[in-house]
There are 2 protein chains.
Amino acid sequence: MKQEIAYITSLIGDPVRTKILWTLLDGRAYTATELAICADTSPQNISMHLGKLIQANLLVAEPQGRHKYYRFSRPEVAYAIEAIGNLIPDEKHRKIVGNTNNAAIKHCRTCYDHLAGEVGVSITAELIQQKFIEPEGKTYLVTEKGSAFFSEFDIDTDELKKSRRIFAKPCLDWTERKPHLAGALGAAFLEKMLLSDYFRKTKDSRAIVITAKGQQQLYDRFKIST
Amino acid sequence: MKQEIAYITSLIGDPVRTKILWTLLDGRAYTATELAICADTSPQNISMHLGKLIQANLLVAEPQGRHKYYRFSRPEVAYAIEAIGNLIPDEKHRKIVGNTNNAAIKHCRTCYDHLAGEVGVSITAELIQQKFIEPEGKTYLVTEKGSAFFSEFDIDTDELKKSRRIFAKPCLDWTERKPHLAGALGAAFLEKMLLSDYFRKTKDSRAIVITAKGQQQLYDRFKIST
DNA sequence: TCAACACTTCATTCCATACTTAACTATACC
DNA sequence: GGTATAGTTAAGTATGGAATGAAGTGTTGA
């Protein structure tokens with residue numbers, strides 16, 4: 001058992017592989033070359049590292065033409081990386097949050113495939129406050145009122161529950177240190193809000209920008225000022 | 001940012017350190033020597049690794065006599081290790097979850113040379129309740145009634161007081177977070193209860209099992225049901 | 001007072017593995 | 001076909017850091 005854990009941690013523990021995993025945290029698939037640039041190393045080297053991560057089933061690759069796209073094999077990998085992110089020492093932590101470069105990403109960003117950051121945490125708190133969802137052990141339950149709310153976004157919660165993925169659960173946020181909505185519901189919610197143009201993804205970053213429409217809606221629905 | 005993460009992951013990524021963290025997952029504090037045995041390495045080496053984990057604020061150490069107890073600095077560390085544990089392929093994972101050893105050691109175990117755990121704490125509370133011992137600053141005093149009680153176990157408290165070891169003192173329990181009886185009296189009391197076959201030591205663990213006779217006596221003397 | 005024990009520190013050794021150089025396969029597009 | 005681009009594979013090197021051995025501090029208990 002300890003050996004299995006040690007095998008996984010030693011894989012995660014390499015600086016280059018950490019950079020790969022950290023980059024992939026935004027839930028998108030990247031090509032080997034893109035990852036080589038992010039990790040600041042050679043194509044041969046990145047290929048070696050990606051091979052190890054795939055062999056351990058942390059990543060999967062999909063060839064598309066002469067490119068090959070790499071992404072997480074399952075959400076659990078992203079959760080583990082996020083959990084490690086929470087361990088960054090506080091003093092160092094503050095600096096980063098205060099760093100203006102990261103202001104956008106602190107404010108509003110994706111965590112794998114759901115909404116995180118200040119805005120993600122605020123929305124989740126408000127969903128609980130308005131009794132749309134309620135904490136139940138390690139998951140969230142959706143109330144009747146909540147089902148109606150999500151159906152406004154064209155989300156069928158009953159249908160979602162049938163998926164093999166965990167329906168709704170809290171995910172600890174590394175900047176806010178508070179939980180935000182993850183799981184199938186969290187992913188669906190973000191997807192629909194993107195479709196509705198509340199948010200737009202930025203290129204090359206996990207940051208998300210809030211549209212004028214989104215600002216209005218966040219205030220109307222959740223009394224969140226951005 | 002990526003550098004900070006890489007620093008943490010590289011720390012977690014060493015096989016020996018992984019074994020340390022995995023061992024500490026049961027929430028108990030362990031001594032350096034115990035961890036060296038768990039990780040199957042030398043005291044010097046474990047000391048080096050523990051030093052790094054402490055410097056990164058993943059662990060904290062609290063000296064108790066000539067021992068030093070190591071434990072997680074905060075719950076987030078345990079969460080991260082657990083999250084990594086989730087990455088192990090399912091078939092391998094199931095085998096371990098069925099292991100129920102942790103419950104026993106939390107229930108009843110030795111702390112250095114005296115009784116600790118749930119049972120140790122309960123007995124100590126009852127010794128105070130029945131006015132056999134009473135807290136006095138950083139030590140316990142034995143009452144006249146208490147002397148009579150311990151003499152039933154063939155313990156001569158007056159004789160014990162002459163030894164250079166601290167006679168009786170509270171020792172904070174890591175699982176229960178409550179005090180239990182330590183010092184010369186605590187050690188003698190455990191020794192006699194083992195001799196009287198109230199308890200039996202287990203091999204390779206600090207866990208202690210309670211005999212049928214012990215269960216009866218614990219109930220009769222302390223109203224403790226086990 | 002002294003021996004045993006728990007743990008640490010430091011200097012040295014040694015090895016696993018990340019990285020490089022080089023050659024190779026496969027796809028895309030002219 | 002020919003050339004450029006994306007990615008992989010293989011052999012050789014080198015270096016970071018884990019492990020070891022020896023020595024040291026501090027506590028316990030006879």
Side-chain angles (χ1 to χ4, degrees), chain A residues 3 6-7 9-21 29-56 59-71, chain B residues 3 6-21 29-56 59-71 111-114 159-169 171 182-188 191 206:
Chain A
Q3 289 164 22
Y7 169 61
T9 53
S10 70
L11 276 176
I12 297 176
D14 175 80
V16 168
R17 286 193 290 264
T18 296
K19 283 176 193 160
I20 293 172
L21 296 167
Y30 285 76
T31 66
T33 307
E34 284 170 337
L35 290 171
I37 293 165
C38 287
D40 193 29
T41 188
S42 68
Q44 306 94 302
N45 199 30
I46 214 78
S47 186
M48 180 271 287
H49 286 300
L50 288 170
K52 292 191 176 185
L53 291 171
I54 282 179
Q55 198 172 15
L59 303 185
V60 288
E62 297 187 23
Q64 245 172 63
R66 56 180 164 181
H67 295 281
K68 211 164 172 181
Y69 280 94
Y70 292 86
R71 60 181 171 84
Chain B
Q3 289 163 26
Y7 169 60
I8 300 285
T9 53
S10 70
L11 275 176
I12 296 175
D14 175 80
V16 168
R17 286 192 290 265
T18 296
K19 283 176 194 161
I20 292 172
L21 295 169
Y30 283 78
T31 66
T33 305
E34 285 170 338
L35 291 171
I37 292 165
C38 288
D40 192 30
T41 188
S42 68
Q44 309 94 293
N45 200 29
I46 214 75
S47 188
M48 181 271 286
H49 285 300
L50 288 170
K52 292 192 175 185
L53 291 171
I54 282 179
Q55 198 171 14
L59 303 186
V60 289
E62 302 208 12
Q64 238 174 64
R66 57 181 161 182
H67 295 281
K68 210 163 171 183
Y69 280 92
Y70 292 87
R71 60 183 171 83
C111 171
Y112 191 30
D113 61 359
H114 53 272
E159 201 61 36
L160 268 188
K161 281 177 192 161
K162 292 177 188 164
S163 82
R164 298 199 35 186
R165 183 173 178 185
I166 288 170
F167 173 60
K169 64 161 194 172
C171 174
L185 183 59
E191 186 198 351
R206 286 155 67 194

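None of the values given here were measured: they were computed from a predicted structure. All chains are named by letter (A, B, ...) in the order of the sequence lines, taking the proteins before the strands, and each is independently numbered beginning at 1.
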(message) Heavy-atom nearest nucleotide on DNA chain C for B:S47 versus A:K52: which residue maps closer to 5'?
(response) B:S47
(message) Looking at D:dA18, I'd like to know if its phosphate oxygens (OP1 or OP2) sit under 4.0 Å from a side-chain N or O belonging to B:R17.
(response) yes
(request) Mind calculating the distance between CG (A:L59) and P (D:dG7) to the nearest angstrom? (result) 14 Å
(message) On the nucleotide D:dG17, are OP1 or OP2 found under 4.0 Å from the side-chain N or O atoms that B:H49 carries?
(response) no
(request) Measure the distance from CE on A:M48 to P on C:dA23 and round it to the nearest whole Å. (result) 21 Å
(request) Rounded to the nearest 0.5 Å, what's the gap from OG1 on B:T9 to CG on B:D14? Could you check? (result) 12.0 Å
(message) Let's see if you can work this out: which of C:dA18, D:dT8, D:dT28 has an atom nearest to the side-chain heavy atoms of B:R66?
(response) D:dT28
(request) Name the residue closer to the 5' end of DNA chain C, choosing between A:Q64 and A:S42 according to the nucleotide with the nearest heavy atom. (result) A:S42
(request) Can you figure out which of D:dA19, D:dG7, C:dT8 approaches the side chain of A:T33 most closely? (result) D:dG7
(message) When you measure from the side-chain N and O atoms of A:Y70 to the phosphate of D:dA6, is any distance below 4.0 Å, counting only OP1 and OP2?
(response) no
(request) Could you state the atom-to-atom distance from CG of B:L35 to C1' of C:dA6 in whole Å? (result) 13 Å
(request) Kindly point out which of D:dG7, C:dC19, D:dT28 is positioned nearest to the side chain of A:A32? (result) D:dG7
(request) Describe the nucleic acid contact of A:Y69 in one word from base, sugar-phosphate, nothing, applying a heavy-atom distance below 4.0 Å. (result) nothing
(message) If I compare all heavy atoms of B:I54 with all of B:A61, which pair ends up nearest, and what's the gap?
(response) CD1-CB, 3.7 Å
(message) Quick check: do B:I46 and B:I20 have side-chain heavy atoms less than 4.5 Å from each other?
(response) yes
(request) Return the value, rounded to whole Å, for the distance between atom CG of A:L50 and atom C1' of C:dA18. (result) 14 Å
(request) Locate the shortest heavy-atom distance separating B:R17 from B:S10; write the atom from each residue and the value. (result) NH2-O, 3.3 Å
(request) Mind calculating the distance between CD1 (A:I46) and C1' (C:dT20) to the nearest angstrom? (result) 15 Å
(request) Spell out, as yes or no, whether a donor-acceptor pair under 3.5 Å connects the side chain of A:T18 to the backbone of A:I12. (result) yes
(request) Quickly work out the A:Q55 CD to D:dT9 P distance and round it to whole Å. (result) 11 Å
(message) Side-chain N or O of B:K68 versus OP1/OP2 of D:dG26: is the shortest distance under 4.0 Å?
(response) no
(request) Report yes if a side-chain nitrogen or oxygen of A:H67 is closer than 4.0 Å to either non-bridging phosphate oxygen (OP1 or OP2) of C:dA28; otherwise report no. (result) no
(request) Identify which nucleotide among C:dT20, C:dC7, D:dA18 has an atom closest to any side-chain atom of B:T31, counting heavy atoms from C-beta outward. (result) C:dC7
(message) In this structure, how many angstroms lie between the P atom of D:dA6 and the CD atom of A:Q44, rounded?
(response) 14 Å
(request) Check the distance between D:dG7's C1' and A:N45's CG and give it to me in whole angstrom. (result) 14 Å
